[in-house]
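Below: one structure, written as structure tokens.
Fair warning: this is a prediction, and the values are worked out from it, not measured in the lab. Note that the numbering runs from 1 along the sequence shown for the chain.
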Amino acid sequence: MDRRFVGQWPTGPQPYVPTVMQLTVEVESGGGLARSLLREWFEAGLRILAASLVGNSRSGADHGHLEGRTSAAMFATPFEGRAELRQEYSPESWQGFLDALIRLPSFASFEAQKLGPQGVPSFPSIVVSCERVDGDRAWLNLSMVTKPQLQRSGKRWGEALSFLREMADKVNPSYGGISFLDTVFSSPLEAQLHLRSRDTVPISRSRLRGYGWITILPEEVGVRLGGVAGLRASGAFAEVAALENGGFWLRATEDLDNYRAQQAELVRNALAVVLPNAGMVETR
């Protein structure tokens, strides 16, 4: 993969290449919408990506015969500095986990992974996560990572794409998109530049965190780039649409298979004035 242009579709079948969906939203006064979106994110992650896996969970299984079964668990850190809590997945524990999200934990994650011989973790694997980033205001940094990548001809791909668009339409996100670099809370560009999401998220309404095949812009950044008309005039996008509650949805190419280094360069150039650089915030 050409490392000059992060986030493009990698060449060749690689079982370790994920599909990564991300969305960053601001916690508004009262937090009601953010709480609703957080629960929807996890519910959709299980429904769209992991339903077939958790149906074959190892819970209650003969631990001598784990191959082909699934390890599934939820993790949560209520407050920064507190110990991480872990629960094995069951329908009952899942409902308790969802109910606890109303407190907007510092970190929450659902992980499901197929087991290989002797119970060694294998593929497919699904990770649905959220980190809360606190500053002058609070933010939710949402992520779904599935390995191997979703098959574009499959039902789950269409459902995942539609769900991300529906979530983005409900709020003016500060960032979001679909990419294929194995990151959780950082964008591919942030990972390449060694930037930390805790530094970039609080300024994500003025500085775009990254780009990919799908890029979601906050209203403030999209307006700086000329709105729908200006973004379309750049010639870098096959689709430019205004989101229902503010922000913009950009698709680089109609077909994901056509998103290569040349198209990624066009996207980067169109967004260059609002993208981060390595010196803008503290690095790792």
Side-chain angles (χ1 to χ4, degrees), residues 7 16-27 31 34-51 53-54 70-89 93-94 96-114 121 123-134 138-150 156 160 163-164 167-168 171 173-188 190-191 195-202 204 209-210 212 214 216:
Y16 305 106
V17 173
T19 299
V20 181
M21 297 200 317
Q22 296 174 315
L23 192 69
T24 304
V25 300
E26 188 176 343
V27 178
R35 289 179 170 86
S36 174
L37 293 174
L38 178 58
R39 184 176 181 120
E40 285 185 67
W41 189 261
F42 278 92
E43 288 176 331
L46 177 61
R47 182 182 72 252
I48 297 172
L49 301 179
L53 279 176
V54 298
T70 297
S71 172
M74 293 80 69
F75 304 83
T77 303
F79 304 100
E80 189 171 354
R82 290 283 298 275
E84 184 177 83
L85 307 176
R86 182 183 188 279
Q87 284 184 299
E88 290 285 336
Y89 171 84
S93 64
W94 175 247
F97 172 78
L98 292 177
D99 291 342
L101 294 176
I102 195 171
R103 294 190 286 271
L104 299 181
S106 177
F107 167 80
S109 181
F110 165 71
E111 303 178 14
Q113 189 164 37
K114 188 175 181 180
F123 298 101
S125 69
I126 310 295
V127 179
V128 183
S129 303
C130 173
E131 67 168 352
R132 193 185 71 229
V133 178
D134 294 318
W139 308 78
L140 298 182
N141 200 14
L142 307 171
S143 171
M144 293 188 195
V145 181
T146 178
K147 298 180 186 177
Q149 63 268 20
L150 292 175
R156 292 192 305 161
F163 170 73
L164 183 62
M167 288 282 282
V171 63
S174 69
Y175 172 72
I178 295 178
S179 59
F180 310 96
L181 188 66
D182 193 1
T183 62
V184 179
F185 295 126
S186 297
S187 74
E190 289 167 348
L195 302 176
R196 299 180 299 192
S197 58
R198 76 178 190 185
D199 295 316
T200 59
V201 166
S204 55
R209 296 180 56 206
I214 296 292
I216 299 172

Rounding to 0.5 Å, atoms CG (Leu38) and CE (Met167) come to a distance of 8.0 Å
Sequence neighbours excluded, the answer for ring pair (Phe, Tyr, Trp, His ring centres under 6.0 Å) partners of Phe42 is Phe97
Value for CG (Leu23) from CG (Leu140), rounded to nearest 0.5 Å, stands at 9.5 Å
Residue set satisfying side chain to side chain contact (heavy atoms under 4.5 Å, CB included) with Ser93, at least two apart, ordered chain then number -> Met74, Gln87, Ser90
Of all heavy-atom pairs linking Ile216 and Gly177, the shortest is CD1-N, 4.0 Å
By salt bridge (Lys or Arg N to Asp or Glu O under 4.0 Å), Arg103 pairs with (sequence neighbours left out) none
Residues Val20 and Leu181: closest non-hydrogen pair is CG2-O, 3.3 Å
Under a 3.5 Å threshold, yes or no: a donor from one side chain and an acceptor from the other, between Ser186 and Arg196? no
With no hydrogens and no angle check, just 3.5 Å: does a side-chain donor-acceptor pair link Glu190 and Thr200? yes
* May I have the step-by-step check of side chain to side chain contact (heavy atoms under 4.5 Å, CB included) for Leu85 and Phe75, ending in yes or no? => CA-CA 5 Å; Leu85 307 176; Phe75 304 83; over 6 Å; no
Smallest heavy-atom separation, Val145 atom then Ser143 atom, equals CG2-OG, 3.7 Å
Between Ser187 and Tyr175 the two heavy atoms that sit nearest each other are CB-OH, 3.3 Å
In this structure, CZ of Arg209 is separated from OG1 of Thr24 (nearest 0.5 Å) by 4.0 Å
Residues at least two apart in sequence or cross-chain that pass side chain to side chain contact (heavy atoms under 4.5 Å, CB included) with Ala44, listed by chain then number, are Arg47, Ile48, Met144, Phe163
Leu53 side chain reached by Tyr89 side chain, heavy atoms, under 4.5 Å: no
Looking only at heavy atoms, the pair that brings Arg39 and Leu101 closest together is CA-CD1, 4.2 Å
By ring pair (Phe, Tyr, Trp, His ring centres under 6.0 Å), Phe110 pairs with (sequence neighbours left out) Trp94
Of all heavy-atom pairs linking Phe185 and Gln22, the shortest is C-NE2, 3.9 Å
Taken to the nearest 0.5 Å, the spacing of Glu40 CD from Leu98 CG works out to 11.5 Å
Taking only distance into account, with no hydrogens and no angle test, what donor-acceptor pairs under 3.5 Å do side-chain atoms of residues 126-133 form with protein atoms, sequence neighbours excluded?
unit_1, atom_1, unit_2, atom_2, d
Ser129, OG, Ser109, OG, 3.2
Glu131, OE2, Asn141, ND2, 2.9
Glu131, OE2, Ser197, OG, 2.6
Arg132, NE, Asp134, OD1, 3.1
Arg132, NE, Asp134, OD2, 3.1
Arg132, NH1, Leu104, O, 2.4
Arg132, NH2, Asp134, OD2, 3.1

